Amino acid sequence: MAAPYREIIKDIRLAFPQPTSDRIHDSYLVHSFMNALNQVDALKMHLPMLGAVVEPDYEQARHAELPQDMSSVEEVASELVSYLRGMTVVGHPRTQQNVICPPSIPSVIGVLLAALHNPNLGWDEHSRLFALAEVEAAGITAGLIGYDQKEAAGVFTFGGTGTSMYGIRIGLEKACPGTLRRGLSEEAVVFVADTGHYCAYSIAGWVGIGSDHVVSIPTTPENEIDLHLLEEAARTALQDGKKIAAFIATMGSTDAFGVDDLQAIVALRDRLVDEFDLPYRPHVHADAVIGWAWSVFNDYDFEKNELGFRPRTLRALAGACRRIRELPLADSVGVDFHKTGFTPYISSLVLVKDYKDLRLLKRDREQMPYLYQFGKYKPGMYTLETSRAATGPMAALANYRLLGVQGIRVLIGHLVEMAQLLREHLEGHEGIIVLNRDNYGPVTLFRVYPPGKEAFATFTNRRKEFTDPACRDALLAYNDYNRKVSAYVHEEAMAGRGVLLSLTDCYRHTIYGEPVVALKSYIMSPFVDRENLEIIVEKVLEARERLRKDTVSRKDRKILHWFA
Ligand SMILES: *Cc1c(COP(=O)(O)O)cnc(C)c1O
C-alpha cells in the first residue's frame, strides 16, 4: 500500500502551476484567479472602499496558529480576499489621499509573470531575460531623463528609500574611501531640504553616518531648498573638517511637489570642490521618485500644445519641467514607478550617471563563493539585496510599452489638469487658500478659515500668519479648525458623500517653528474628473457652516482685531 503522504502530495501538486504544458490545468489557474476577482468585485460599492472598514483585532492576530490540515485553493483564495475588506480603492475618482497610484493591467501581468516563474535578479543565470528587462527598463529611463545611455546604469531596489540609500552609500564611499570595508571613523554629513523625505534620516542611521548628521536645510515659501542656507551649512561642515556624503536634491517633494534647484546645487558643489580643494567630488543625488515622470514633457512643444491642455495646466507642466530637465546633472537619480508610474509596489530604480560608481559598492568575490561562476550580468556583486525580484522591472517595462511617451504625457497631464481645476475652484472662495500655489504637481494643499475670518486667507495675511510670532495663537487655533474641517469632510466621504482627502499635520513649519496643518488632495487616478472636484469645495463650505458657531473664541477676536 502506498504511504498516506503519496495521496496528499497529489493534492499539493494540483495547487502548483504545472511544470509541463497542461492547458486544462492552466484554465484551472486562471479560473482560480477569476474566482478571487469575482469575490473582490462583490465587495465593490459606490464608496471608494471595498466594503465597510473592519476594525482589525491585532491581539488575536498575534496568537494566530498554523492550521493542522490542508485547505483547497478555493478556500484559501476566499480567505485571502477577506483581507481586502475595507481597503481603499486607490483608483477610485473619489480617493485623493496620497501619492498612491492605481496599477495598470499590463503592470500587474508583469508582476504576475515574474511571480509565476520566480526569477532572481541577482544574477542572469537565475533570471535569464528578466535580467534583460531590468537593463532595458533602466536604459529607457536613463534616456528619458537625459542621461547618456552609454555611461549610465541602474538597478531596481527595495523602494524610493533604497534608491536614496544607494545615492548616499556611493557618496559616502567617494567622501570616505574604503569605509565599505573598514567602517566609518570620521564625521560625514548629508544635506537635504526640510521638506525632503525623512528616509534620509533612516538611511543615515542604517549606513552608520548617524541620523544626527543629516543637516535639514530650511525651504523657501515655494518649498525649495534655501540655497543660501545650504551654502552656509556646507561651508560650515567643510570648515569643521567634516566630509560631505551627499547633497540630496528633492525633485518633487512628497507633500507639496516642491522641486529643488538642482542646477544651483550642482554649481555650489563644484565651487566648493575648487575652493576647498577637496580630494573628492561630493555626490549629488536627485530624489526624483515623484518628479521623474515629468521628463516626458522635456521635448513637448508647449506652444503647439498638440494634446490640448488648458493654459493653466501648460504653465504648471512647463514650470515643473524647467527643473526636471536638469536631472542629468545629478550623479544619481531615484525613480519610483510605484509612485508616478502606475505600477504595483515595489518598483523603484536607482540610476547612476556613471556606471563606474556602482563598482564602489562591489564586494569581494571571496565573500560570495557559491555564486557568479557563469553569466554576464551579476548585479548581485554590488546590490544591497541578495535575492531580488524581477517584478519591479517587469511592471515598469509593461507601462513603458503600454503608454509610451504620449500615454505618460496624457496621464500626468490629466492629473495636473485636474489639480489645477481644483485650485481654481478652491481659490474662488475667499475663506480658502491654496498653500502650494507655486508648485505644479498633482497635489494641492489648502487651508480653510472660518466665516468672518476670510482675511486670514489673503496672501499678505497668510504671510503674516506664517512668519510673525505674534500670530502663534491664531495659527494654532486655525490648525485646530482645519483638523475639524478635515474630520467632517472625511466623515462625509466615508458615508459616500464627497471625496477622501487627507490631512497633513505639518505642510511646513512657520518661521517661528510651529507646524502648519493643511488639507491635502492628491490626484492619482485617471478616473478623476470635474465632478469629483466640485464636490470637494461643496463639502468644505458645508464644514464651515457646521463649524460656524464652534470656534469664535475671544482670543480669535483679539487676533483679528490685530490684523485689522
Ligand atoms: C515616497 C518617497 C520616498 C520613499 O519612497 P518609498 O518608495 O516609499 O521607499 C522618498 N522620497 C520621496 C520624495 C518620496 O515621496
Side-chain angles (χ1 to χ4, degrees), residues 90 97-101 103 107 111 137 141 145 154-169 171 190-207 211 214 216-217 219 222-225 246-262 265 284-295 320 323-324 327 330 332-351 383-385 388-389 391-393 395-396 412 415 436 439-445 502 504 506-508 520 522-524:
V90 292
Q97 283 179 304
N98 231 317
V99 55
I100 302 174
C101 62
S107 71
V111 167
T141 313
I145 65 159
V155 282
F156 280 73
T157 183
F158 61 88
T161 304
T163 65
S164 285
M165 190 159 185
Y166 273 83
I168 290 175
R169 193 62 193 81
V190 172
F191 299 104
V192 63
D194 65 6
T195 51
H197 200 266
Y198 64 83
C199 70
Y201 292 87
S202 331
I203 297 160
W206 283 64
V207 306
S211 52
V214 174
S216 169
I217 308 292
T219 39
E222 291 76 42
N223 299 301
E224 298 172 20
I225 198 163
F247 291 99
I248 296 185
T250 306
M251 306 303 277
S253 66
T254 322
D255 248 1
F257 203 76
V259 188
D260 287 346
D261 188 343
L262 178 59
I265 294 172
V284 177
H285 175 77
D287 180 355
V289 300
I290 293 182
W292 67 275
W294 271 252
S295 305
R323 288 280 167 76
I324 295 299
L327 274 178
S332 56
V333 175
V335 167
D336 272 358
F337 296 97
H338 64 231
K339 286 268 177 74
T340 43
F342 303 90
T343 72
Y345 293 119
I346 294 284
S347 183
S348 298
L349 169 70
V350 59
L351 284 173
T383 56
L384 171 60
E385 298 96 331
R388 213 157 47 86
T391 50
I412 299 288
L415 303 184
N436 62 332
N439 299 116
Y440 298 124
V443 57
T444 302
L445 289 125
S502 52
T504 175
C506 185
Y507 153 65
R508 51 183 290 123
K520 172 160 111 175
Y522 214 127
I523 298 180
M524 287 301 294

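Residue numbers start at 1 and run along the sequence shown. All values derive from a computational prediction rather than experimental measurement. Whatever order the structure lists ligands and atoms in, that order sets their numbers, starting from 1.
Of all the atoms in ligand 1, the ones that sit under 4.0 Å from a non-hydrogen atom of Gly252 are 13 (C). Heavy-atom proximity to His338, at under 4.0 Å, picks out these atoms of ligand 1: 7 (O). Every atom of ligand 1 with a heavy atom of Gly160 under 4.0 Å away is listed here by number and element: 5 (O), 6 (P), 7 (O), 9 (O). Counting the atoms of ligand 1 from 1 in the order shown, those under 4.0 Å from a heavy atom of Gly159 are 7 (O), 9 (O). Heavy-atom contacts of Thr254 reach the following atoms of ligand 1: 12 (C), 13 (C), 14 (C), 15 (O) (cutoff under 4.0 Å). Those atoms of ligand 1 with a heavy atom of Asp336 less than 4.0 angstrom away are 5 (O), 6 (P), 7 (O). The atoms of ligand 1 that sit less than 4.0 Å from any heavy atom of Ile290 are 15 (O).
For the residue pair Ser348/Asp336, the side-chain donor-acceptor check at 3.5 Å is satisfied.
Under the side-chain contact (heavy atoms from CB on, under 4.5 Å) test applied with Cys199, the options Ile168, Thr163, Thr161 reduce to a single match, Thr161. Between Arg508 and the options Thr219, Asp255, Asn436, a side chain to side chain donor-acceptor pair (under 3.5 Å) holds for only Thr219. Screening Ile203, Val289, Asp287, Val192 for a side-chain contact (heavy atoms from CB on, under 4.5 Å) involving His197 leaves a single residue, Asp287. Considering Ile412, Val335, Ile145 in turn, Ile145 is the only one that fulfils the side-chain contact (heavy atoms from CB on, under 4.5 Å) rule with Ser295.
Closest to atom 9 (O) of ligand 1 among all protein heavy atoms lies Thr161 OG1, 2.8 Å. Among all non-hydrogen protein atoms, the one lying nearest atom 11 (N) of ligand 1 is Asp287 OD2, 2.6 Å. Looking from atom 10 (C) of ligand 1 to the surrounding protein, the closest heavy atom is His197 CG, 3.3 Å. Ranking the protein heavy atoms by distance from atom 1 (C) of ligand 1 puts Lys339 NZ, 1.5 Å first.
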Inset, instruction - In sequence, state the C-alpha distance, the side-chain angles, and the governing distance for His285 and Ser332, and then conclude on side chain to side chain donor-acceptor pair (under 3.5 Å). - result: CA-CA 5 Å; His285 175 77; Ser332 56; 2.7 Å; yes

Inset, instruction - Any chance you could lay out the side-chain contact (heavy atoms from CB on, under 4.5 Å) test for Arg323 and Leu262, step after step, and finish with the verdict? - result: CA-CA 7 Å; Arg323 288 280 167 76; Leu262 178 59; 6.0 Å; no

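Not one N or O of Ser348 is nearer than 3.5 Å to an N or O of ligand 1, by distance alone.
Residue Ile346 does not touch ligand 1, judged by heavy-atom distances below 4.0 Å.
Although no hydrogens or angles enter the test, the distance criterion places no donor-acceptor pair under 3.5 Å between the side chain of Asp194 and the main chain of Ser216. The backbone N or O of Phe337 lies less than 3.5 Å from a partner atom in the side chain of Thr343, making a donor-acceptor pair.
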